[in-house]
There are 2 protein chains.
Amino acid sequence: MINILRDHITRRLGKNPDHLDKVLSTFRHIKTRRNEQLLQEGEVCKYVYFIAKGCLQVYVYDKDFNETTRDIVTEDNWCSELLSFGSGNPATENIRTVEPSELFAIDRQAFQNMMESVPQFDKVYKQILEASYANSVYRINTFVSLSALDRIKWLMEYRPMLMTRLSSKLIASYLGINKDVYSRLKAKL
Amino acid sequence: MINILRDHITRRLGKNPDHLDKVLSTFRHIKTRRNEQLLQEGEVCKYVYFIAKGCLQVYVYDKDFNETTRDIVTEDNWCSELLSFGSGNPATENIRTVEPSELFAIDRQAFQNMMESVPQFDKVYKQILEASYANSVYRINTFVSLSALDRIKWLMEYRPMLMTRLSSKLIASYLGINKDVYSRLKAKL
DNA sequence: ATAAAACGTAGACTTTTGTCATCGTTCATG
DNA sequence: CATGAACGATGACAAAAGTCTACGTTTTAT
């Protein structure tokens with residue numbers, strides 16, 4: 001399982017990056033069930049997770065306590081509440097597993113050590129941050145400019161796996177659509 | 001005017017950072033009118049701008065060619081299409097001045113040089129990226145969970161200056177609301 | 001200074017999205 | 001494997017947001 005992480009990193013840093021094993025050894029392997037809470041808003045986010053298998057949901061609550069999903073992250077990607085993780089401030093978001101998952105977690109201390117002692121690791125961090133940012137920008141532009149129906153079409157085109165893999169309820173919350181509305185619109189395709 | 005940039009950087013890197021003057025000298029001072037196009041989607045984004053005075057709009061077009069505004073950036077902040085700037089890929093967004101502005105621009109080449117030769121500059125970049133990311137995340141969570149009326153209230157609370165400073169049309173597009181609807185809702189406050 | 005263009009508001013109307021209640025199905029868990 | 005909870009679909013209705021037209025005001029460019 002660790003090889004998925006190894007491959008991910010070498011793909012980004014070239015074939016034989018220095019200290020690769022040192023880096024890999026600082027990650028902790030975690031197996032989870034579905035619906036396990038990894039982060040609760042208000043806590044400080046202690047880990048960055050690499051998802052070797054499974055799926056995580058990053059979400060917040062609106063004023064009526066409805067969940068709204070900011071992001072859904074699957075295999076071979078990183079997930080965290082980077083702003084809390086980086087600053088040490090309380091997280092404003094929640095994270096949970098959507099499926100049984102296998103994760104590799106690195107804590108803040110170890111992450112800092114790596115950033116300082118392994119220059120290349122810094123690049124990985126920058127890539128995580130850039131990828132997260134790119135995703136956010138894309139998502140904003142999608143939200144601001146598309147109707148509910150068009151957002152569904154967009155999801156079908158760009159992340160079709162999610163459509164089959166996730167519950168309707170979760171997809172609706174990811175698209176920012178009421179679940180009943182989602183059900184109706186989907187029927188019209 | 002350059003002192004605004006100097007202060008911005010020293011505030012982040014401590015009182016007397018090395019190479020400060022070297023860094024500052026790589027920026028080009030630009031004075032613009034209102035409505036000047038700084039970046040067109042499809043082009044590669046060549047600059048990162050520091051805004052000493054004025055206001056920029058980052059926007060895209062939806063399928064009906066309506067402008068939708070992803071971000072509005074004012075004094076003492078950085079603005080760019082970081083993803084294009086970083087990767088050299090064509091930009092997916094447009095940038096223009098909303099007001100006559102004074103900017104300090106650094107191009108990709110100079111930026112790379114600084115990143116390599118001035119270690120502290122790297123921190124500034126990371127801060128720009130993190131700030132941009134934080135802003136995006138906040139904006140997504142706002143969009144997904146708030147009604148049009150609540151988004152207006154949110155803007156009045158968190159960026160009240162924008163309400164008085166910008167045209168209604170622009171604010172509406174920033175909030176993702178039709179301009180007529182915005183006009184009506186505003187009247188109800 | 002002035003003509004043209006853009007802007008802001010308003011009313012009437014349409015479309016989209018949200019809410020609520022219901023019902024059969026599926027799924028998780030003891 | 002049984003049962004209570006969660007899920008997904010649907011119809012009737014309500015609320016929110018969008019569209020179009022019109023008109024007076026402000027801004028911009030010449």
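So that the names make sense, note that chain A is the first sequence line, chain B the second, and so on, each numbered from 1. Remember, predicted model here, so these are calculated numbers, not experimental data.
Along DNA chain D, the nucleotide nearest R34(A) and the nucleotide nearest S147(B) are compared for position; the residue whose nucleotide lies closer to the 5' end is R34(A).
Between the OH atom of Y182(B) and the P atom of dA16(D) there is a distance of 19 Å, given to the nearest Å. Atom NZ in K169(A) sits about 11 Å away from atom C1' in dA5(D), given to the nearest Å. Atom-to-atom, CZ of R165(B) to C1' of dC7(C) comes out at 19 Å; the value is rounded to the nearest Å. Atoms CD1 (I171(B)) and P (dC7(C)) sit 13 Å apart, rounded to a whole Å. In this structure, L166(B) atom CG and dC7(C) atom P are separated by 13 Å, rounded to whole Å. Between L170(A) atom CG and dC27(C) atom C1' the separation is 16 Å, expressed in whole Å. Whole-Å rounding puts the K179(A) NZ to dA9(D) C1' distance at 10 Å. The distance between atom NZ of K188(A) and atom P of dT16(C), rounded to the nearest whole Å, is 7 Å.
For Y182(A) and R151(A), the side-chain atoms include no donor-acceptor pair closer than 3.5 Å. Using modelled atom types, one finds a donor on one side chain and an acceptor on the other under 3.5 Å when comparing R96(B) with Y59(B). A donor atom on one side chain and an acceptor atom on the other are not found under 3.5 Å apart for N94(B) and Q40(B).
Within the nucleic acid shown, R33(B) has no heavy atom closer than 4.0 Å to any nucleic acid atom. Residue contacts shown for S168(A) are limited to sugar-phosphate atoms, with no base heavy atom under 4.0 Å away.
The base of dG11(C) does not come close enough to the side chain of R184(B) for any donor and acceptor atom to sit less than 3.5 Å apart.
Between the CD atom in E81(B) and the NZ atom in K46(B) there is a gap of 13.0 Å [rounded to 0.5 Å].
Within the 4.0 Å cut-off from OP1 or OP2 of dA9(D), at least one side-chain nitrogen or oxygen of K186(A) is found.
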side-chain hydrogen bond (donor to acceptor under 3.5 Å, both in side chains) assessment of T69(A) paired with Q57(A): CA-CA 7 Å; T69(A) 300; Q57(A) 174 195 13; 2.9 Å; yes
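Of the candidates dT19(C), dA17(D), dA10(C), dA10(C) carries the atom nearest the D180(B) side chain, counting heavy atoms from C-beta on.
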